[in-house]
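One structure below.
Predicted model only: the values in this text are computed from it and were never measured. Counting begins at 1 with the first residue of the sequence.
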Amino acid sequence: MMTSSYNAKDEDGHISVSGSGAGGVRSKKPENTAFKQQRLPAWQPIFTAGTVLPAFFIIGLIFIPIGIGLYVTSNNIKEFEVDYTGVDMSSPCFNCFQNLSWNSTRPCTCSVPFYLDQSYESNVFMYYGLSNFYQNHRRYVKSRDDNQLNGDMKSLWKPSKECEPYAYHNNKPVAPCGAIANSMFNDTLELFFNDPNGTKIQVPLAPMGIAWWIDKHVKFRNPGGNNPNLTAVFQGTTKPVNWHQPVYELDADSENNGFINEDFIVWMRTAALPTFRKLYRVIHRKNSKVPTLPQGNYTLDVVYNYPIRSFEGRKRMILSTISWMGGKNPFLGIAYISVGCVCFFFGVILLIIHHKYGNRNNRADISN
């Protein structure tokens, strides 16, 4: 007959059975510890009127002023937009829109007049905008060779397979390779102020300082190290199919040529949405007593190189100032005001419900 004996380890979930011809048998019961028996101390919030109502009112009182400040700041940013797509027959760029294609060899030019109804006092940022262009497509985003763009000579001659079918052309490696580089925006924009005395004054546009610092100095580098002769460095490669000139002729300035060209760098940072804008030039304020862009008539001269009929897009030029929060974006302020108003409204509703039914429940508890 088998007999069992109690062991001190039974407290921890171990049961040992002893007897003739039998060894110790271990139970599957978890050990009697605070962790395994789920007896650890826990904190669980208990929502009462005294904690919920103040939270709603505090959130409302904080969010509404912040939203108003953001909204007012956004509205103080000056912005002007000119659509130069040329869809309408009355548009100066209509002929360019109709006749231009990727295979066109002769550039098309057009001039778009516009009136600036207010002066721009601080630095002005010129953007180009595209609509219905999906830079966020998965295959498009992957179609690049970051090693090649970083100046790696091996990748220059043997581009990544991710660049296909824009890796080689006429049995030569494409530099830069990939669909992103191949579709680079290449319109040329010039701005002129029409002085009342009849003269046409060109507005100076700064091509430098438009790219992110980390892109300009870390992610993008020319191959060949410090070799200033980019023509020799890129010898044996070919330009992307849709480009009109090779990468080493993008700019006469050696600090803005090749893979470190800032127009190229800005384009290579893909946009998340199909309607986007990218920084094109900066108009610096030179005199504190004279506005950067005075009120008056202007002319936008466009070298219309970028065809958009294939994807039914639109092109525009944007002039904008900035503030501490960046460019014009009223959404953030509206979002803060909306959340604050909703919280304040629910706080009032819950306060009324608590005042109406909370006292009744308290009286019922007292009577019982």
Side-chain angles (χ1 to χ4, degrees), residues 123-130 133-156 159-160 162-163 166-167 173-189 205-228 230 233-234 237 239-240 242-243 245-284 305-306 317-318 320-327 329:
N123 291 343
V124 180
F125 296 83
M126 175 187 282
Y127 301 84
Y128 63 85
L130 289 177
F133 191 101
Y134 288 83
Q135 273 198 318
N136 56 358
H137 191 282
R138 183 180 63 86
R139 290 189 63 187
Y140 182 89
V141 171
K142 293 176 62 178
S143 185
R144 60 188 292 163
D145 189 341
D146 288 322
N147 290 328
Q148 185 192 68
L149 298 175
N150 196 243
D152 182 58
M153 291 298 297
K154 182 179 179 181
S155 298
L156 180 66
S160 170
E162 299 288 354
C163 288
Y166 302 105
V174 176
C177 70
I180 307 177
N182 186 64
S183 60
M184 177 182 168
F185 183 84
N186 59 349
D187 280 1
T188 301
L189 308 178
L205 306 176
M208 303 284 283
I210 62 175
W212 290 18
W213 185 92
I214 192 170
D215 290 344
K216 176 77 173 180
H217 298 91
V218 178
K219 294 184 178 181
F220 290 80
R221 295 176 181 174
N222 283 322
N226 297 324
N227 189 349
L230 292 182
V233 172
F234 286 98
T237 65
K239 64 179 180 64
N242 291 336
W243 283 28
Q245 56 190 358
V247 68
Y248 50 84
E249 293 181 0
L250 291 180
D251 199 305
D253 186 357
S254 61
E255 297 296 325
N256 193 39
N257 197 18
F259 288 161
I260 61 173
N261 177 264
E262 297 202 17
D263 286 324
F264 172 68
I265 294 174
V266 169
W267 176 258
M268 293 300 291
R269 183 170 284 275
T270 54
L273 300 174
T275 298
F276 59 86
R277 64 175 63 177
K278 291 180 182 287
L279 186 58
Y280 181 72
R281 294 292 183 267
V282 180
I283 307 172
H284 294 287
N305 294 319
Y306 202 76
M317 183 276 299
I318 304 104
S320 176
T321 59
I322 62 171
S323 68
W324 59 268
M325 61 173 291
N329 183 16

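Put simply, the residue from N150, L149, D152, V233 that forms a side chain to side chain contact (heavy atoms under 4.5 Å, CB included) with P223 is V233.
Side chain of N136 to backbone of A272: a donor-acceptor contact under 3.5 angstrom is found. With hydrogens and angles ignored, the 3.5 Å screen pairs no side-chain donor or acceptor of Y166 with any backbone N or O of N182. The main-chain N or O of N261 is never found under 3.5 Å from a side-chain atom of D253 such that the two would form a donor-acceptor pair. Side chain of N257 to main chain of A252: no donor-acceptor pair is present (N/O by atom type, distance under 3.5 Å, no hydrogens or angles). In this structure a side-chain-to-backbone donor-acceptor pair under 3.5 Å is missing from Q135 to T270. Side-chain atoms of D215 never come within 3.5 Å of backbone atoms of F220 as a donor-acceptor pair (strictly under, hydrogens ignored). With hydrogens and angles ignored, the 3.5 Å screen pairs no side-chain donor or acceptor of K278 with any backbone N or O of Y128. For R269 (side chain) and W212 (main-chain N/O), no donor-acceptor pair under 3.5 Å exists by modelled atom type. A donor-acceptor pair is defined here as one N or O able to donate and one able to accept, closer than 3.5 Å; no such pair exists between the side chain of Q148 and the backbone of P159.
Between L156 and P173, the shortest heavy-atom contact is O-CB, 3.5 Å. The minimum heavy-atom distance linking N147 with S155 is given by the pair CB-OG, 3.3 Å. Closest heavy-atom contact between I210 and V282: CG2-CG2, 4.0 Å. In terms of heavy-atom proximity, E255 sits nearest to K216 at O-NZ, 2.8 Å. Residues A175 and P240 come closest through the heavy atom pair O-CD, 3.7 Å. Closest approach of A167 to C177, counting heavy atoms only: CA-CB, 4.1 Å.
We find the CZ-CD1 distance between F264 and I180 to be 9.0 Å, quoted to the nearest 0.5 Å. Atom NZ of residue K142 and atom OG of residue S160 lie 9.5 Å apart, to the nearest 0.5 angstrom. How far CD1 of I283 is from CE of M126: 5.0 Å, rounded to the nearest 0.5 Å. In this structure, CZ in F125 is found 7.5 Å from NE2 in H284, a value given to the nearest 0.5 Å. Separation of atoms CG (N222) and CG (L230) is listed at 5.0 Å; rounding is to 0.5 Å. Rounded to the nearest 0.5 angstrom, K239 NZ and E249 CD are separated by 10.5 Å.
Between Y306 and F185, the angle of the ring planes lies from 30° to 60°, which puts this pair in the tilted group.
Heavy atoms of other residues, nucleotides or ligands lying less than 6.0 angstrom from CD of Q245 number more than 12.
In this structure, V218 and W213 have side chains that are in contact, with non-hydrogen atoms separated by less than 4.5 Å. R281 has its side chain out of reach of V124: every pair of non-hydrogen atoms, C-beta onward, lies at least 4.5 Å apart.
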* To do: Please lay out, stage by stage, how D251 and E262 fare under the test side chain to side chain contact (heavy atoms under 4.5 Å, CB included).
  => CA-CA 10 Å; D251 199 305; E262 297 202 17; over 6 Å; no

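Side-chain rings of W267 and F133 approach one another, their centers coming within less than 6.0 Å.
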